[in-house]
Amino acid sequence: MTSNSMSDPRRQNKILRYKPPSTDTNPTLEDPTPDYMNLLGMIFSMCGLMLKLKWCAWIAVYCSFISFANSRSSEDTKQMMSSFMLSISAVVMSYLQNPQPMSPPW
């Protein structure tokens, strides 16, 4: 043991443990993308449900996936899952009412 510590070139007094920067002191480190995508997903879901627009429902699913992929594990998963289920229900309801393939929006 002593021979190993004698040959170790690291200096014990220079070793510092990494501490991630806190978002309290620097709010620019917080990424707002999941929140924006969650909001967009809910808006497009409601447009898909109320206006029976299939492309809005598919965009809502896409926004929900982006929100889920960019979220942190510490965030609230209930809101994210409700947004995801709302977008899935918008797709299902728009195809139950009109099972024809989606026509391009242009």
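A 4.5 Å side-chain heavy-atom check between Met37 and Met42 finds every atom pair outside the cut-off.
Atoms OH and CZ, on Tyr62 and Phe65 in that order, are 11.0 Å from each other to the nearest 0.5 Å. Separation of atoms CD1 (Ile15) and CZ (Arg10) is listed at 5.5 Å; rounding is to 0.5 Å. Distance check, rounded to the nearest 0.5 Å: CZ of Phe44 to SG of Cys63 gives 6.0 Å. The distance from atom CD1 of Ile59 to atom CG of Leu53, rounded to the nearest 0.5 Å, is 9.5 Å. Taken to the nearest 0.5 Å, the CG atom of Asp35 stands 10.5 Å off from the CG atom of Asn70. For the atom pair OG of Ser64 and CG of Leu86, the computed distance is 8.0 Å after rounding to the nearest 0.5 Å.
Side-chain contact, Ser83 with Asn38: a donor N or O sits under 3.5 Å from an acceptor N or O.
No continuous path of hydrophobic side-chain contacts links Val61 to Leu39 [ILVMFWY only; heavy atoms under 4.5 Å]. Hydrophobic clustering, with ILVMFWY side chains joined whenever heavy atoms are under 4.5 angstrom apart, groups Met46 together with Trp58. By the criterion of side-chain heavy atoms lying less than 4.5 angstrom apart, applied directly or through intervening Ile, Leu, Val, Met, Phe, Trp or Tyr residues, Met93 is grouped together with Val91 in one hydrophobic cluster. Put simply, Ile43 and Tyr36 are part of two different groups of oily side chains (I, L, V, M, F, W, Y) that touch within less than 4.5 Å, one to the next. Both Phe84 and Trp55 are part of a single hydrophobic cluster, where members link through side-chain heavy atoms under 4.5 Å apart.
Here the shortest heavy-atom pairing between Ala57 and Ser94 reads CB-OG, 4.3 Å. The heavy-atom pair separating Ser45 from Ala90 by the smallest distance is O-CB, 3.7 Å. Taking each heavy atom of Gly48 and Cys56 in turn, the nearest pair found is N-CB, 3.8 Å.
With a 6.0 Å radius and a threshold of 12 heavy atoms from other residues, nucleotides or ligands, Tyr95 has its OH atom above the threshold.
Checking side-chain atoms of Lys54 against main-chain N and O of Gln100 turns up a donor-acceptor pair under 3.5 Å.
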